[in-house]
Amino acid sequence: MNRRILGILFVGVFLSACFSSQKPKEKQVFYLNLVGGLENLDPAFAKDLSTMWCAHALYNTLLESNEQSQLVPSIAKDWTVSSDGLLYTFHLRNDVYFHPNPLFENNSRKLTAADVVFSYNRLIDPATASPGAWIFNDRVVPQQPFVAIDDTTFQIRLVRPFRPLLEILTMPYCSIVPQEVVRHWGKDFRNHPCGTGPFRFQYWDEGNVLLFYKNENYWQHDSAGNPLPYIDAVQFSFYDNKATEFLLFLQERLDFVNGVDGSFKDLVLTRQATLKPEFVQKMVLQKKGYLNTEYLGFNMDTANPVVAASPTQSELIRKAINYAIDRKKIVTYFKNGMGIPATGGFTPPGIPGFDSVAHYGYHYQPAKALALLAQAGYPNGKGLAPIKIITPDNYADIVNFIAGQLQDVGIKLEVEIMQPAIIKEQMAKNKTPFFRAQWIADYPDAETFLTVFDSRLPSPPNYTRFSNADFDRLYDAAMNENNDSIRLSYYRKMDSMAIQKAPVVPLYYDQRMHFLQKKVSGFRSSPMNIIDLKWVRKE
């Protein structure tokens, strides 16, 4: 018998044993799958969606963002920001307790501001080697950046204003952990997580099954005063194939699936991204905005001999490519309507700073593309050297469609398929002139998209090596502006400035696609696609 089956049998017996004494009430277990696997349960390493989902269940951050990308209190009940933007003061709840743990004197203890100090210092400690250290590095003062004034008052001190700081604190990296448990386990804290979240860790057979139980002492209640979470347990499986995952969902062995495998897309969805009639009574489809811009990027580093000779160094050629692509067809025929054609800027809808009336984007205008090619000295593409683009295999169909559309105006595109990890390495090392990529928001503020074009930053995030002094000055002005309305107007202008230079070809703004069983209600997720299970009920 293999380990996967043994793990599932163990959990089945474990659930029965733990819940049997509490009958006759039937226990509610929410079943989901982590296709990408799971490397860690330590929030300091929450760099992928699977870890973020688990971290959000096990831990709390000072603040959270809701489904409308708005900041809401969590461990911090309120906060203030100094007029110069350098001092943030948070007032913490006094009723938040860590999960039961034998390392605590009384098996549990109250969270204090000292735990926040420890958690944030640990995040930037080189010994931790957290991929989230960038959140505070070069932003907080070098000496005592995090201070506990008393048990319920915590402060952050910055070296210069950074207005999205509150939004960035909602990231799972910024989860609060108990100092004594982390110190005891060291790097093995990944296997012995302890937080204050709505669920507590119970069992993990890596690669097979993971089990969380309801935190019976969770501090949060609903508007009627009922304690959260509603469900009793969450069980994760680790089937690494999306088709297998969706098949298990159709068999009602999973309660939720994020997205759909291409082999099932046309089976269950219409071209308008709705469920086909035969599936309407079998499942629920949630479609919501996702802070993710899918795009093609040009390397604009003229000092790099690898890309300096590429035709894409010409702004006219880059704009011609933008105008030659029918984004609506991409969304309709390759995404079954799941997405919004990116005819605006790089910043997607649903995030503060998005320009809902933008006129600076690119629409499908092949005649304009031809005119730009002629202006660049290549009438109908005559004399224009082939342009190579690299893409992962799962986007090859879209990129090949784009190649066909560019061919229609005389631009020859050579499509090369590479592994995603190799593509990222090529992008980071400045070795490719044209690439397919995506940018997903780290936090709900448009700055997370605009930082892609800051010339003072390395790659990542500035994969295109875009450089514009006016853009950089406006970025600095936005960071120093404490009036949100003015700051957001700066964001929109920055987006316009970047798009007019065409360092990227925005293709579409993605959407979240969640499939749920009919018996599930209350499922929530943020625009960054962080799922929130504390509100879930099962009939």
So W79 and F90, would you call those rings parallel, tilted or perpendicular, with 30° and 60° as cut-offs?
tilted

Any chance CD of Q438 has more than 12 other-residue heavy atoms, nucleotides or ligands included, within less than 6.0 Å?
yes

Tell me whether D484 is salt-bridged to R487, with the criterion being a basic N under 4.0 Å from an acidic carboxylate O.
yes

Please assess F104 against C194 for the test side chain to side chain contact (heavy atoms under 4.5 Å, CB included), listing each intermediate value before the final yes or no.
CA-CA 11 Å; F104 297 132; C194 180; 4.0 Å; yes

Is the backbone N or O of S526 less than 3.5 Å from a side-chain atom of R512, with the two atoms forming a donor-acceptor pair by type?
yes

4.5 Å side-chain heavy-atom contact, N191 and F201:
no

Just wondering, do T89 and T153 contact through their side chains at under 4.5 Å, heavy atoms?
yes

First locate atom CD of Q144, then atom CD of Q155, and finally report the distance between them rounded to the nearest 0.5 Å.
11.0 Å

More than 12 non-hydrogen atoms from neighbouring residues, nucleotides or ligands closer than 6.0 Å to CG on N226, yes or no?
yes

Taking NZ, NE, NH1 and NH2 as the nitrogens, is one of them in R183 or E180 under 4.0 Å from a carboxylate oxygen of the other?
no

Kindly state each residue pair satisfying ring-ring contact (aromatic ring centres under 6.0 Å, His included) with at least one member in residues 32-65, sequence neighbours excluded.
W53-F256

Can you tell which of T293, N292, N529 makes a side-chain hydrogen bond (donor to acceptor under 3.5 Å, both in side chains) with D510?
N292

Distance (rounded to the nearest 0.5 Å) between L111 CG and T152 OG1:
11.0 Å

Residues forming a ring-ring contact (aromatic ring centres under 6.0 Å, His included) with Y443, sequence neighbours excluded:
none

Just verifying a value: how many Å separate I176 CD1 and F118 CZ, rounded to the nearest 0.5 Å?
11.0 Å

Correct closest heavy-atom pair for D115 and K110 would be OD2-O, 4.2 Å

Would the distance check show the side chain of H192 and the main-chain N or O of V182 forming a donor-acceptor pair, the cut-off being under 3.5 Å?
no

Could you check whether any side-chain heavy atom of M338 comes within less than 4.5 Å of a side-chain heavy atom of K287, counting everything from C-beta outward?
yes

Treating Q28 as the side-chain partner and K538 as the backbone partner, does any N or O pair qualify as donor plus acceptor under 3.5 Å?
yes

Is the backbone N or O of N107 less than 3.5 Å from a side-chain atom of R109, with the two atoms forming a donor-acceptor pair by type?
no

Heavy atoms, side chains only, cut-off 4.5 Å: are F471 and S455 in contact?
no

Should E67 and K288 count as an ion pair when the cut-off is N to O under 4.0 Å?
yes

Give the C-alpha distance, both sets of side-chain angles, the deciding distance and a yes or no for side chain to side chain contact (heavy atoms under 4.5 Å, CB included) between M494 and Y475.
CA-CA 7 Å; M494 291 160 64; Y475 176 91; 3.6 Å; yes

Would you check if K214 and I231 make a side-chain contact, meaning some heavy-atom pair closer than 4.5 Å?
no

Which atom pair, heavy atoms only, marks the closest approach of D222 to Y230?
OD2-OH, 2.6 Å

State, yes or no, whether a side-chain contact exists between V234 and Y31 at a heavy-atom distance under 4.5 Å.
no

Could you report the tightest heavy-atom contact between P172 and P43, atom names first, then the distance?
O-CB, 3.4 Å

Checking the side chain of D95 only, and the main-chain atoms of W219 only, is there a donor and an acceptor separated by less than 3.5 Å?
no

Given Y120 and F154, is the ring-ring contact (aromatic ring centres under 6.0 Å, His included) satisfied, shown in steps?
CA-CA 11 Å; Y120 288 1; F154 167 75; 5.5 Å; yes

Is it the case that the side chain of N241 and the backbone of T244 share a donor-acceptor pair, with hydrogens and angles ignored and the cut-off at 3.5 Å?
yes

Using modelled atom types only, decide if a donor and an acceptor are shared between the side chain of S50 and the backbone of G37 within a distance under 3.5 Å.
yes

Mark yes or no for whether N462, through its side chain, and F466, through its backbone, hold a donor-acceptor pair below 3.5 Å.
yes

Nearest heavy-atom contact between V117 and A148 is CG2-N, 3.6 Å

From F346 atom CZ to D355 atom CG, the distance as rounded to the nearest 0.5 Å:
15.5 Å

Check the side chains of N40 and T51 for a donor-acceptor pair under 3.5 angstrom, ignoring hydrogens and angles.
no

Search all heavy atoms of P444 against all heavy atoms of L291 and return the closest pair with its distance.
CA-CD1, 4.4 Å

Go through the steps to decide whether L86 and R157 satisfy the test side chain to side chain contact (heavy atoms under 4.5 Å, CB included), and finish with yes or no.
CA-CA 6 Å; L86 299 180; R157 306 173 193 274; over 6 Å; no

For residues 34-60, which residue pairs pass the salt bridge (Lys or Arg N to Asp or Glu O under 4.0 Å) check, not counting sequence neighbours?
D42-R122

How long is the span from the CZ atom in R139 to the CE atom in M479, to the nearest 0.5 Å?
9.0 Å

Counting distance only, does the side-chain N/O of N215 pair as donor-acceptor with the main-chain N or O of G197 below 3.5 Å?
yes

Going by heavy atoms in the side chains, are L457 and T451 under 4.5 Å from each other?
yes

With no hydrogens and no angle check, do the side chains of T196 and N60 hold a donor and an acceptor under 3.5 Å apart?
yes

Shortest non-hydrogen contact from Y491 toward A478:
CE2-CB, 3.9 Å

Step-by-step side chain to side chain donor-acceptor pair (under 3.5 Å) determination, Y360 to D495
CA-CA 9 Å; Y360 48 79; D495 200 16; 3.2 Å; yes

Could you please spell out the steps behind the side chain to side chain contact (heavy atoms under 4.5 Å, CB included) verdict for T347 and L450?
CA-CA 7 Å; T347 302; L450 299 171; 4.0 Å; yes

Quick one: does M497's side chain get under 4.5 Å of F453's, heavy atoms only?
no

Would you confirm whether W535, through its side chain, and L228, through its main-chain N or O, come within 3.5 Å as a donor-acceptor pair?
no

State the CZ-CD distance between F249 and E252, to the nearest 0.5 angstrom.
8.5 Å

